[in-house]
Trainee: 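Here it is, the structure in full.
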Amino acid sequence: MKKILVTRRLLQSNEDRLKDLYDVKLNSNDELYSQQKLIEMSEGCDGILSALTDNLDEQTINKLPDSIKILSNFAVGFGNIDLNAAKKRNIIVTNTPEVLTDATAEIGILLILGACRRASEGIEDAKASNWKWSADYLIGKQLTGTRLGILGMGRIGKKIAKIARSLGMIIHYHNRSKLSSDKEEGAIYHKELKSLLSVSDVLSVCCPASKETINLINKETLEYLPKGAVVTNVARGDIVEDEALIDALNRRKVYAVGLDVYKGEPNLNPGYLKHKSAFILPHLGSATKETRTAMANLAIDNLEEFLKTGNCKNKVN
Ligand code: NAP
């Protein structure tokens with residue numbers, strides 16, 4: 001029987017399936033393993049079912065036992081894994097695309113609504129019974145007729161676009177490559193990021209974290225936005241330079257932010273906490289029972305496919 005290390009606790013039905021299939025090392029206390037502990041725990045294992053909270057950098061990968069042949073990541077993103085280091089050691093890396101698109105797009109839309117309609121301030125006032133209705137109380141930005149700029153029109157970006165379109169938003173996007181017109185569904189392509197930002201009344205960051213996208217939203221690029229734009233990020237914290245975004249909020253260059261992801265999670269830059277116009281969530285993108293179950297099942301399917309055939313359709317390195 002193959003031996004698998006599972007670095008984080010999963011939902012019961014997924015752990016039961018793993019127990020049926022493998023000699024499995026589960027993490028019942030859901031302890032966050034240090035890199036050293038992860039290396040030790042993986043001794044004698046054939047594969048690791050990892051999570052985005054595991055930092056599988058080059059140094060860690062180089063110290064994994066030779067028996068490890070697959071890192072099945074429980075996420076569509078894989079910025080936590082050094083793909084080249086894994087490749088050099090003949091370890092395949094897989095991810096869980098598609099199954100989390102809808103849930104994450106829902107949170108992407110929540111970020112847009114929460115930031116534009118001043119939800120944080122409203123919740124605070126309502127809880128404190130500290131409000132009275134008036135014609136100009138907590139006036140926010142209406143989405144209907146507003147331009148939404150999507151940075152990264154992939155699976156999640158397209159689903160956000162679809163919902164936003166139904167809310168009357170006008171969709172613009174930037175990818176490295178233009179989509180075919182049937183996939184664009186009327187969205188307007190911008191070859192340059194600068195051009196997309198200049199028309200983004202609301203920006204939704206949906207691209208992966210990579211060497212190319214780290215700090216792509218920074219002091220310089222924020223200046224291309226129209227004054228009073230709203231910036232939302234449902235992808236990865238590493239894409240945004242926090243100090244620059246907080247400074248843009250301070251200067252009212254940016255009207256509000258909606259964030260689900262942060263550099264150095266679970267900590268976030270305290271500058272955001274000072275702003276009532278920051279609508280912030282604790283990385284809830286894929287957090288529904290249906291989606292987390294489907295993600296773990298796909299991560300297990302990936303293990304199964306690889307251990308049986310030596311390959312996997314969700315291989316990313
Ligand atoms: P996807 O289908 O691969 O889409 C990524 C899009 O980003 C593609 O359209 C790609 O187009 C574009 N892109 C990639 N590199 C780019 C660059 N350097 N500049 C501009 N555009 C670039 O991925 P997805 O399934 O939509 O997921 C996107 C990301 O969301 C994931 O990587 C993950 O980090 C994040 N996520 C977050 C949560 C959460 O809980 N908040 C949940 C799921 C996923 P081109 O290749 O043409 O550039």
Side-chain angles (χ1 to χ4, degrees), residues 8 50-54 73-81 83 93-112 114 149-164 171-180 183-185 187-197 200 203-218 221 224 231-240 257-263 265-266 268 279-292 294-296 298-299 313-317:
R8 299 299 305 269
S50 56
L52 55 85
T53 49
D54 300 313
N73 211 36
F74 176 57
V76 66
F78 36 82
N80 59 311
I81 303 178
L83 298 184
V93 179
T94 62
N95 71 341
T96 61
E98 313 281 357
V99 292
L100 42 55
T101 299
D102 291 348
T104 309
E106 287 172 9
I107 290 291
I109 290 291
L110 181 59
L111 297 177
I112 294 170
I150 297 189
L151 167 54
M153 187 76 128
R155 290 171 288 245
I156 295 166
K158 276 188 248 162
K159 184 68 196 256
I160 289 177
K162 191 181 174 117
I163 304 170
I171 316 298
H172 295 252
Y173 77 99
H174 166 67
N175 274 354
R176 289 164 304 181
S177 2
K178 189 180 183 308
L179 298 174
S180 57
K183 291 197 175 129
E184 280 180 335
E185 297 188 58
I188 301 151
Y189 179 63
H190 295 257
K191 192 167 169 46
E192 304 299 331
L193 175 65
K194 177 179 172 180
S195 165
L196 174 78
L197 295 179
S200 296
L203 176 71
S204 176
V205 177
C206 301
C207 63
S210 67
K211 284 190 182 109
E212 284 177 17
T213 64
I214 284 180
N215 288 333
L216 199 54
I217 302 303
N218 58 39
T221 52
Y224 300 131
V231 174
T232 69
N233 183 6
V234 75
R236 284 290 181 267
D238 284 334
I239 302 161
V240 173
V257 298
L259 307 172
D260 187 43
V261 286
Y262 309 90
K263 271 197 180 77
E265 295 178 7
L268 61 151
F279 179 74
I280 52 179
L281 296 175
H283 204 144
L284 295 182
S286 63
T288 67
K289 189 176 176 193
E290 297 84 342
T291 294
R292 287 284 161 80
M295 284 167 69
L298 186 50
K313 65 176 180 309
N314 292 321
K315 178 174 181 250
V316 292
N317 68 336

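All residue numbers refer to positions in the sequence shown, counting from 1. One-based numbering, in listed order, for ligands and for the atoms of each.
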Trainee: Any idea which protein heavy atom is nearest atom 18 (N) of ligand 1, and the distance to it?
Mentor: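 In this structure, atom 18 (N) of ligand 1 has E212 OE1, 2.8 Å as its nearest protein heavy atom.
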
Trainee: Of the backbone atoms (N, CA, C, O) and the side-chain heavy atoms from C-beta on, which set of E98 has a member under 4.0 Å from an atom of ligand 1: side chain, backbone, both, or neither?
Mentor: neither

Trainee: I need the nearest protein heavy-atom contact for atom 44 (C) of ligand 1: residue, atom name and distance, please.
Mentor: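 Closest protein heavy atom to atom 44 (C) of ligand 1: V76 CG1, 3.2 Å.
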
Trainee: How far is atom 4 (O) of ligand 1 from its nearest protein heavy atom, and which residue and atom is that?
Mentor: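 Among all protein heavy atoms, the one nearest atom 4 (O) of ligand 1 is G154 CA, 3.2 Å.
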
Trainee: E184: which residues meet the side-chain contact (heavy atoms from CB on, under 4.5 Å) condition with it, sequence neighbours left out?
Mentor: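 Scan of E184 (side-chain contact (heavy atoms from CB on, under 4.5 Å), adjacent residues dropped) gives Y173, K178, L179, S181, Y189.
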
Trainee: Looking only at protein heavy atoms, which one is nearest to atom 42 (C) of ligand 1, and what is the separation?
Mentor: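 Its nearest protein heavy-atom neighbour is T104 OG1, 3.2 Å.
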
Trainee: Heavy-atom contacts under 4.0 Å between N175 and ligand 1: side chain, backbone, both, or neither?
Mentor: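 Both of them.
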
Trainee: Below 4.0 Å from ligand 1: does a non-hydrogen atom of S286 turn up there or not?
Mentor: yes

Trainee: Measure R155 to ligand 1 on non-hydrogen atoms and call it side chain, backbone, both or neither using the 4.0 Å cut-off.
Mentor: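 Both parts.
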
Trainee: Got a donor-acceptor contact below 3.5 angstrom from the T221 side chain to the L216 backbone?
Mentor: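 Side chain of T221 to backbone of L216, a donor-acceptor pair under 3.5 Å: yes, one is there.
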
Trainee: With heavy atoms under 4.0 Å as the rule, classify the contact between T101 and ligand 1 as side chain, backbone, both or neither.
Mentor: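 The answer is neither; T101 stays 4.0 Å or more away.
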
Trainee: Between I156 and ligand 1, which part of the residue brings a heavy atom under 4.0 Å of the ligand: side chain, backbone, both or neither?
Mentor: both

Trainee: On a heavy-atom basis, I'd like to know which of A105, C206, S177 is closest to atom 28 (C) of ligand 1.
Mentor: C206

Trainee: Considering heavy atoms of the protein only, find what lies nearest to atom 5 (C) of ligand 1 and give residue, atom and distance to 0.1 Å.
Mentor: P208 CD, 3.7 Å

Trainee: Sequence neighbours left out, what passes side-chain contact (heavy atoms from CB on, under 4.5 Å) with A161? Give chain and number order.
Mentor: I150, M153, R165, I171

